**Student:** 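Okay, here's the structure, questions in a sec.
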Amino acid sequence: MGSDTETEKSHQKEKKKTPSSLAPIAKPLAGKKLCKRTFKLVRKAAEKKCLKRGVKEVVKSIRRGNKGVCVIAGNISPIDVITHVPILCEENDIPYVYVPTKEDLASAGATKRPTCCVLVLPKPTKGELNQEDQESLKADYDEVASEIRELASSMY
């Protein structure tokens, strides 16, 4: 009996390690390096309040004309929740990229709840940042945006 609980625990650990299924539309998917840089940018943007979280907020922000980098989680179920976001991004010339999990995206965005997508803005919608923070955020933003555009152009 003791061995049964041990095998159950090991199976639970395996379940946590295996990534959940990626959506078939999750392209362009960020590689390890780009994923790491993107999460770093999201973390920095969350600290500086330059981040829109969730589908509703992201769509509203894009429709209002805000520009930025859209980061979408690839393991969303049902997929219908986010299928319109890439189209909206393409229409407004906003670079977007998929990352493997919504949990990682949420932890980078400084929230406890898993997040479908975030929009990283180059500057905050309200208030101003000091010059040093603004330049640092802009440099990271430009680097990630150019890599995402390069990745997207190599796909088509």
Side-chain angles (χ1 to χ4, degrees), residues 16 18-156:
K16 286 181 183 177
T18 56
S20 51
S21 60
L22 279 174
I25 66 161
K27 290 177 180 72
L29 184 66
K32 266 188 176 177
K33 249 184 179 177
L34 181 57
C35 231
K36 198 172 183 180
R37 283 196 188 117
T38 305
F39 288 145
K40 183 181 172 190
L41 174 67
V42 170
R43 204 170 290 115
K44 195 178 269 191
E47 288 172 12
K48 309 294 183 224
K49 307 222 181 323
C50 300
L51 193 68
K52 300 289 182 183
R53 298 177 186 88
V55 176
K56 211 173 179 183
E57 209 175 320
V58 167
V59 168
K60 188 169 35 170
S61 188
I62 291 172
R63 288 205 173 124
R64 285 186 176 159
N66 291 335
K67 296 286 182 187
V69 171
C70 190
V71 184
I72 308 167
N75 66 340
I76 302 300
S77 178
I79 192 70
D80 300 344
V81 174
I82 57 160
T83 50
H84 65 289
V85 175
I87 297 164
L88 200 59
C89 288
E90 285 176 8
E91 287 173 352
N92 291 290
D93 195 36
I94 294 173
Y96 67 93
V97 69
Y98 286 86
V99 292
T101 65
K102 57 188 175 186
E103 291 80 13
D104 289 344
L105 186 57
S107 66
T111 59
K112 291 179 180 139
R113 300 235 353 124
T115 307
C116 291
C117 61
V118 296
L119 183 69
V120 179
L121 304 170
K123 58 184 181 229
T125 50
K126 294 177 184 172
E128 285 293 319
L129 289 176
N130 63 33
Q131 193 67 31
E132 195 176 294
D133 289 343
Q134 180 71 37
E135 286 173 8
S136 169
L137 183 67
K138 184 75 172 144
D140 287 349
Y141 172 86
D142 289 338
E143 183 183 329
V144 171
S146 65
E147 279 188 51
I148 292 170
R149 283 197 173 96
E150 198 175 294
L151 179 65
S153 66
S154 69
M155 282 182 51
Y156 303 111

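The shown structure was predicted, so the numbers you read here are calculated from the model rather than taken from an experiment.
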**Student:** Measuring only between side-chain heavy atoms, which start at C-beta, is Asn75 closer than 4.5 Å to Glu103?
**Tutor:** yes
**Student:** Can you measure from CD (Glu143) to CZ (Arg37) and round to the nearest 0.5 angstrom?
**Tutor:** 5.0 Å
**Student:** Is the closest side-chain heavy-atom distance between His84 and Val55 below 4.5 Å?
**Tutor:** yes
**Student:** At what distance, to the nearest 0.5 angstrom, does OH of Tyr98 lie from CD1 of Ile148?
**Tutor:** 12.5 Å
**Student:** Say you draw a straight line from OG1 of Thr38 to CG of Asp104; how long is it, rounded to the nearest 0.5 Å?
**Tutor:** 12.0 Å
**Student:** Heavy atoms only: give me the nearest Arg53-Gly109 pair and the separation to one decimal.
**Tutor:** NH2-O, 2.7 Å
**Student:** Which pair of non-hydrogen atoms, one from Cys117 and one from Leu105, has the smallest distance, and what is that distance?
**Tutor:** CA-CD2, 4.0 Å
**Student:** Are any of the side-chain heavy atoms of Tyr96 and Val85 separated by less than 4.5 Å?
**Tutor:** no
**Student:** Heavy atoms only: give me the nearest Ala73-Thr101 pair and the separation to one decimal.
**Tutor:** CB-C, 4.0 Å
**Student:** Which heavy atom of Leu29 sits nearest a heavy atom of Pro100, and at what distance?
**Tutor:** CD1-N, 4.1 Å
**Student:** Checking side chain to side chain contact (heavy atoms under 4.5 Å, CB included) for the pair Val118/Ile72: CA distance, chi angles, key distance, verdict?
**Tutor:** CA-CA 7 Å; Val118 296; Ile72 308 167; over 6 Å; no
**Student:** Once rounded to the nearest 0.5 Å, what's the spacing between atom CG of Asn92 and atom CZ of Arg64?
**Tutor:** 14.0 Å
**Student:** Inspect the surroundings of CD in Glu57 and state if more than 12 heavy atoms from other residues, nucleotides or ligands are less than 6.0 Å away.
**Tutor:** yes
**Student:** Is any side-chain heavy atom of Leu137 less than 4.5 Å from a side-chain heavy atom of Lys123?
**Tutor:** no
**Student:** Between CG of Leu22 and CD1 of Ile76, what distance do you get to the nearest 0.5 Å?
**Tutor:** 10.5 Å
**Student:** What distance do Lys102 atom NZ and Ser77 atom OG have between them, rounded to the nearest 0.5 Å?
**Tutor:** 7.0 Å
**Student:** Whether the side chain of Ser153 engages the backbone of Arg149 through a donor-acceptor N/O pair (distance < 3.5 Å, no angle test) should be reported.
**Tutor:** yes
**Student:** What heavy-atom pair brings Pro122 and Lys138 nearest, and what distance separates the two atoms?
**Tutor:** CB-NZ, 4.4 Å
**Student:** Assess whether atom NZ of Lys44 is packed by more than 12 heavy atoms of other residues, nucleotides or ligands within 6.0 Å.
**Tutor:** yes
**Student:** Specify the closest pair of heavy atoms between Ser61 and Asn66, including all atoms of both residues, with the distance to one decimal.
**Tutor:** OG-ND2, 2.8 Å
**Student:** For Glu135, what residues pass the side-chain hydrogen bond (donor to acceptor under 3.5 Å, both in side chains) criterion, not counting sequence neighbours?
**Tutor:** Gln131
**Student:** Report yes if some heavy atom in the side chain of Ile94 is under 4.5 Å from a heavy atom in the side chain of Leu119; otherwise report no.
**Tutor:** yes
